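Have a look at the structure below before the remarks.
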Amino acid sequence: KEWTDANVTYMTKQLRSMGNAFSWDHAARSTDPEYFSWTQWMFTRFFEEGIAYRGTGIVNWCPGCNTVIANEQVTSEGCCERSGDQVEKREMPQWMLRITKYADRLIDDLDALPWPEHVKEAQRQWIGRSVGAKLSFELRFERHPEDNERRGPHGEKAAIPVFTTRPDTLFGATYLVLAPEHPWVTLATDDAHDVLDNKDEVRTYVDEARQRDEKERTDATKEKTGVELKGVKAVNPATGEEIPMYVADYVLAGYGTGAIMAVPAHDERDYAFATKFGLLIRQVIDTDGELPVTTAGKLINSGEFDGIASEEAKRAIVERFGGEPTSTYRLRDWSIGRQRYWGVPVPIVYDPEGNPHSIPKEHLPWTLPTDVDFKPTGEPPLAKSVELQERTERIFGPGWTPDVETMDTFVDSSWYFLRYVDPHDSDSFSSKEAQRAWMPVDLYFGGAEHTTMHLLYSRFWQKALYDLGLVTDQEPYTRRVNRGLVLGPDGAKMSKSKGNVIDPDREVERLGADAVKMYLAFMGPYGDGANYPWDMGGIAGLRRFLERANGLRAHVRTTVGDDIAVLLNRTIAKVTGDIDAYKFNTAISALMIFQNAAEKDGLTDDEYCTFLRLLAPFAPHLSEELWHEAGKTASVHEEAWPTADPALLEESTVTVAVQVNGKTRGTIEVPRDADESAVLNAALADPLVGPKLAGERKRVIYVANKVLNVVL
RNA sequence: GCUCAGGUGGCGAAAUUGGUAGACGCACUACCUUGAGGUGGUAGCGCCCGCAAGGGCAUGCUGGUUCAAAUCCAGUCCUGAGCACCA
């Protein structure tokens, strides 16, 4: 905490030195007990609602961090997003948040958000919704035919449910594949059951598959492997055929039902598998192309459904054969338990029978004990705390034990914006009045790396709170802009090892905060992951601009021409519009254009002061100083923003391009809003372009005040 | 492989209800100034031909629509990002 506080203090100082106008009294720190007691309280509410639960499953274990991490924190190479170590799969109990329950809303609510399309698309893909159906395949046992008619507790026959997005290809399903971890495989290979002819072979395959690491297993390019489950068949509900069953690791246990109906004619993976194992390939979608064909089409070899198009056939076949329309998701529940010391303790205690109970509000914050070694070893450090154990028994009674995990730090950051709007409330984490006044966040800047982590988590968190009636909005952020990085002068990402790190403090000291701030605004359009190298010359140019601004007062006159007034008004309009659109680079360029003209033609004292007001947001320090030198007493930053005079926005003459057959041949000056014939006459009379218009004019197009195109 | 974003001078970039491509800044060149070496002034600066006037070419590439295309359409290549045996 001391370390964190020192960093916060340092960064606060840096931000202040840049002249940024933040509301510092609205700050919140997730490490403050006052803050994290609310994090814990929300967790207990989620626990009571079943959103937070202790589940057992396959989790990602990072050997470098010695802790479990969430799916989102694993990179596409299967490495830890923090340490870069290869992640291992382990099966262990974990605290989870039921984010999958919100999958549909997290996707569907994106449509209405004015976010960049690529950010929304990345979230959609991460959630990975597939719309399809569940279909059931009954089993036939060759060793024990009497089992074929045996029914389960609900009168159902033994069957394997599969998920498919292509129920229209059901007639082409010529075998079934189960994942190695599929519960039925586990059942069929245990000692108590005798349904397989090749139990040992299947066991060996399953064991090998489990041992293979994730990366190797999910390599789509490797050759398919698998083993037939001999002695058992599945029945295709459409054809009534008995079809073979396989166990193969190209089917994933964690997706859909962990089992698939294989349609080799219309799925590349099934095709590869069927070819290797010599299985029946039956085409059921009409096509001229070579198999496998995965596109939709008209059905063939499908009995009564022949000739029907895929989309319609999907509905009809699902209905006819007792399927259940359903969606599955790539998204997994969010695993939040961490075997670390640093973090917010999970606010759960266990009674002597081992049942979890949430810690009541009056005992929050549930703080970290101080009597443990916090180096991560793999065992949760809190498990060794005598202090924590004693505290638990003192409050809840003998035999009670504390939960010993801490929460993922992404939990802390999932609701901080709600505290910003009401940082000192002690009755709630954020009052409804404050939320109604401030939420949702109008504009959220952040890094692209948060697209499938923080941004997804905090949207889920907001929706979960919304369902509990605790927040006013379903979405936390209105607009989103992904910021880019400032790169080193060599164009590479700044890093100490490359020696290309620019220290902002030193640049501020060398050239001034205003120059640094303006350079950052001027280097390019802000957002959408645009990265810019730090250009030493570039920032010098901004310094130059500011020095000239410093000397601009010398050009103040009592009488000046009209042109500068028009230019000033256009500048006001341009800067105002650009600020609204976050196009700071072109706003600054407009200021430069005005300054260049003012130095040349002079300007009035009024115009000078208006310019200072326009400059104020970009160069807060210099503009304030010049404002006072100009004899003003109040702060320039409290002045009203200038408004453009519409009467002075447009010059009395305009430059019109003269084109012949669409090619620009010159320009002429004409009065604004002159009519077409006047402009044409002016063009014909012009000594430079006039001769080029000689000949029969087939057509003349005049775009008011812009272009005169003559077709010869 | 799928999805998304993007390709404009030596560089960062402007410009889209289709209407003078390259504003503004950096770098560069020349001259001036100056006690000169990352912070003065003036001018030039997309490419090609030309002393110039002028002309030709030009917004990744190829076609198309149009009086007119960086902008719209089709195809294609390249770069970046995300996902990837997800049924």
Side-chain angles (χ1 to χ4, degrees), chain A residues 75-76 116-130 132 162-166 169 173 177 179 217-222 224 248-252 254-263 266-270 272-273 294 328-331 448-449 451-452 482 491 510-512 515 518-519 522-525 528-548 583 585-593 595-596 655-668 688 698-712:
Chain A
T75 66
S76 33
E117 193 51 42
H118 67 276
V119 175
K120 296 205 271 186
E121 195 53 35
Q123 289 217 353
R124 286 191 196 105
Q125 279 197 37
W126 183 265
I127 297 166
R129 174 164 63 190
S130 293
V162 303
F163 173 76
T164 179
T165 57
R166 295 296 303 274
T169 63
V177 188
R217 233 183 104 164
T218 56
D219 177 8
T221 59
K222 84 163 196 251
K224 303 267 181 289
D249 68 358
Y250 82 90
V251 172
L252 308 174
Y255 188 79
T257 62
I260 61 154
M261 62 176 215
V263 185
H266 305 291
D267 181 280
E268 283 168 22
R269 297 148 301 178
D270 297 343
F273 190 84
T294 55
T328 60
Y329 306 88
R330 208 191 72 92
L331 184 71
E449 72 277 15
T451 299
T452 50
N482 276 5
R510 200 165 67 90
L511 297 162
M518 278 189 93
Y519 172 61
F522 185 66
M523 66 201 319
D528 282 336
N531 300 322
Y532 301 104
W534 186 270
D535 176 358
M536 289 303 195
I539 190 167
L542 268 299
R543 170 73 192 194
R544 222 152 22 219
F545 167 77
L546 290 171
E547 291 195 0
R548 282 163 48 203
K583 290 161 73 177
N585 55 334
T586 48
I588 291 172
S589 130
L591 291 173
M592 288 171 167
I593 291 168
Q595 177 165 279
N596 290 345
T655 308
V656 169
V658 179
Q659 300 182 331
V660 177
N661 295 334
K663 293 199 175 226
T664 302
R665 293 297 167 188
T667 59
I668 53 170
L688 281 172
K698 292 197 182 106
R699 199 173 159 189
V700 176
I701 296 117
Y702 178 58
V703 181
N705 304 320
K706 283 188 172 166
V707 166
L708 179 78
N709 188 15
V710 178
V711 183
L712 293 177

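Computed over heavy atoms, backbone and side chain alike; hydrogens, waters and symmetry mates excluded. All values reported here derive from a predicted model rather than from experimental measurement.
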**Q.** side chain to side chain contact (heavy atoms under 4.5 Å, CB included) against A:Glu121, all qualifying residues, sequence neighbours excluded
**A.** A:Glu117, A:Arg124, A:Gln125
Q.
Could you tell me how far apart A:Asn661 (CG) and B:rU66 (C1') are, to the nearest whole angstrom?
A. 13 Å
Q.
Taking the minimum atom-to-atom distance to the side chain of A:Glu547, which one of B:rA84, B:rG19, B:rU39 wins?
A. B:rU39
Q: Under 4.0 Å between any heavy atoms, over every strand shown, what does A:Lys222 touch: base, sugar-phosphate, or nothing? Just pick one.
A: base
Q) Say you pick atom P in B:rA53 and the same atom in B:rC67; how far apart are they, in whole Å? A) 34 Å
Q. What is the pairing partner of B:rA81, taking Watson-Crick or G-U wobble pairs with both distances under 3.5 Å in any strand?
A. B:rU3
Q) Whom does B:rA53 pair with, Watson-Crick or G-U wobble, provided both distances fall under 3.5 Å? A) none
Q) Among B:rA15, B:rU20, B:rG25, which nucleotide sits nearest the side chain of A:Val707? A) B:rU20
Q: Scan A:Gly128 against the nucleic acid and name what it touches under 4.0 Å (heavy atoms): base, sugar-phosphate only, or nothing.
A: nothing
Q. Is the cationic atom of A:Lys224 (NZ for Lys, CZ for Arg) positioned less than 6.0 Å from the six-membered ring centroid of A:Tyr250 and within 45 degrees of its normal?
A. yes
Q.
What's the closest nucleotide to the side chain of A:Tyr532 if the choices are B:rC85, B:rA15, B:rA13?
A. B:rA13
Q: Hey, could you give me the CZ/CD distance between A:Phe545 and A:Gln595, rounded to the nearest 0.5 Å?
A: 4.5 Å
Q | Which residue lies more 5' along RNA chain B, comparing A:Ala657 with A:Asn585 via nearest heavy atoms | A | A:Asn585
Q: Working to the nearest 0.5 Å, report the span between CH2 of A:Trp126 and OG1 of A:Thr451.
A: 11.5 Å
Q. Given the P atoms of B:rC26 and B:rG75, what is the spacing between them in whole Å?
A. 43 Å
Q.
Strictly below 4.0 Å: does A:Lys583 bring a side-chain N or O up to OP1 or OP2 of B:rA15?
A. yes
Q. Nearest of B:rU3, B:rG25, B:rG19 to any side-chain atom of A:Glu121?
A. B:rU3
**Q.** Where A:Tyr255 and A:Tyr329 come nearest, the two heavy atoms and their spacing
**A.** CE1-O, 3.4 Å
Q) P atom, B:rC72 versus B:rU17: distance in rounded Å? A) 11 Å
Q) Counting just side-chain N and O atoms, does A:Thr664 come under 4.0 Å of either OP1 or OP2 of B:rA21? A) yes
Q. Can you tell which of B:rC67, B:rG82, B:rA87 lies closest to the side chain of A:Ala122?
A. B:rG82
Q | Residue met sooner reading RNA chain B from 5', once A:Arg548 and A:Ala540 are mapped to nucleotides | A | A:Ala540
Q: Kindly point out which of B:rA15, B:rA87, B:rC67 is positioned nearest to the side chain of A:Asn709?
A: B:rC67
Q. Of all the choices, B:rC24, B:rG54, B:rU3, which nucleotide is nearest to the side chain of A:Asn596 once you look at every atom?
A. B:rC24
Q.
Within the 4.0 Å heavy-atom criterion, would you say A:Arg129 contacts the bases, only the backbone, or no part of the nucleic acid?
A. nothing
Q | Gap between atoms CZ and P, on A:Phe545 and B:rG25 respectively (whole Å) | A | 9 Å
Q: Could you measure between the two C1' atoms, the one in B:rA58 and the one in B:rU71, and give it in whole Å?
A: 16 Å
Q: Looking only at side-chain atoms of A:Arg544, point me to the closest of B:rG12, B:rC26, B:rC4.
A: B:rC26
Q.
Would you measure the distance from the C1' atom in B:rU20 across to the matching atom in B:rA15 and give it in whole Å?
A. 11 Å
**Q.** B:rA74: pairing nucleotide in any strand, Watson-Crick or G-U under 3.5 angstrom
**A.** B:rU62
**Q.** From B:rU20, B:rC24, B:rA15, nucleotide with atom closest to A:Gln659 side chain
**A.** B:rU20
Q: Answer yes or no: does a side-chain N or O of A:Arg665 lie under 4.0 Å from OP1 or OP2 of B:rG56?
A: yes
Q | Under 3.5 Å on both distances, the Watson-Crick or G-U partner of B:rG25 | A | B:rC11
(Q) Measuring from atom CG of A:Asp267 to atom OG1 of A:Thr169, what distance do you get when rounded to the nearest 0.5 angstrom? (A) 8.5 Å
Q: Rounded to the nearest angstrom, tell me the gap between atom NZ in A:Lys120 and atom P in B:rA5.
A: 11 Å
(Q) Please classify the nucleic acid contact of A:Val656 as base, sugar-phosphate, or nothing, using heavy-atom distances under 4.0 Å. (A) nothing
Q: Round to the nearest Å and state the distance from A:Ile701 atom CD1 to B:rC67 atom P.
A: 8 Å
Q. Hey, does A:Thr667 reach any base, or is it just sugar-phosphate, or nothing, if we go heavy atoms under 4.0 Å?
A. base
Q | Inter-nucleotide C1' distance (B:rG50, B:rC73), Å rounded | A | 40 Å
Q.
Tell me which nucleotide, if any, is Watson-Crick or G-U wobble paired with B:rU16 when both distances must be under 3.5 Å.
A. none
Q: Could you measure between the two P atoms, the one in B:rA69 and the one in B:rU33, and give it in whole Å?
A: 49 Å
Q. If we take the P atom in both B:rU8 and B:rC83, what is their distance in whole Å?
A. 27 Å
Q: Could you check if the base of B:rG60 is syn or anti? Syn means the glycosidic torsion is within 90 degrees of 0.
A: anti
Q) Partner of B:rU39 by Watson-Crick or G-U wobble geometry, both contacts under 3.5 Å, or none? A) none
Q. Who is the Watson-Crick or G-U wobble partner of B:rC45, with both distances under 3.5 Å?
A. none
(Q) Less than 4.0 angstrom between a side-chain N/O of A:Ser130 and OP1 or OP2 of B:rA87, yes or no? (A) yes
Q.
Rounded to whole Å, how long is the line connecting atom OH of A:Tyr255 with atom C1' of B:rC83?
A. 13 Å
Q) NA contact type, A:Gly537, heavy-atom cut-off 4.0 Å: base, sugar-phosphate, or nothing? A) sugar-phosphate
Q: Using atom CZ of A:Arg699 as one end and atom C1' of B:rC67 as the other, report the distance to the nearest whole Å.
A: 5 Å
**Q.** Closest to the A:Phe163 side chain, choosing from B:rC67, B:rG12, B:rA87
**A.** B:rA87
Q: Please state how far atom CE in A:Met518 lies from atom C1' in B:rC26, giving the value in whole angstrom units.
A: 15 Å
Q | Approximate separation, where rounding is to 0.5 Å, of A:Thr586 OG1 and A:Leu591 CG | A | 10.0 Å
Q) Is A:Thr452 touching bases, backbone alone, or none of the nucleic acid, heavy atoms closer than 4.0 Å? A) nothing
Q. Judged by modelled atom types alone, do A:Arg548 and A:Asn596 share a side-chain donor-acceptor pair under 3.5 Å?
A. yes
Q. Can you name the nearest heavy-atom pair linking A:Asn661 to A:Asn709, along with the distance?
A. N-OD1, 3.6 Å
Q: Could you tell me the separation between the CG atom of A:Leu331 and the CD atom of A:Gln123, rounded to the nearest 0.5 Å?
A: 10.0 Å
**Q.** A:Ile127 CD1 to B:rC2 C1', straight-line distance once rounded to whole Å
**A.** 18 Å
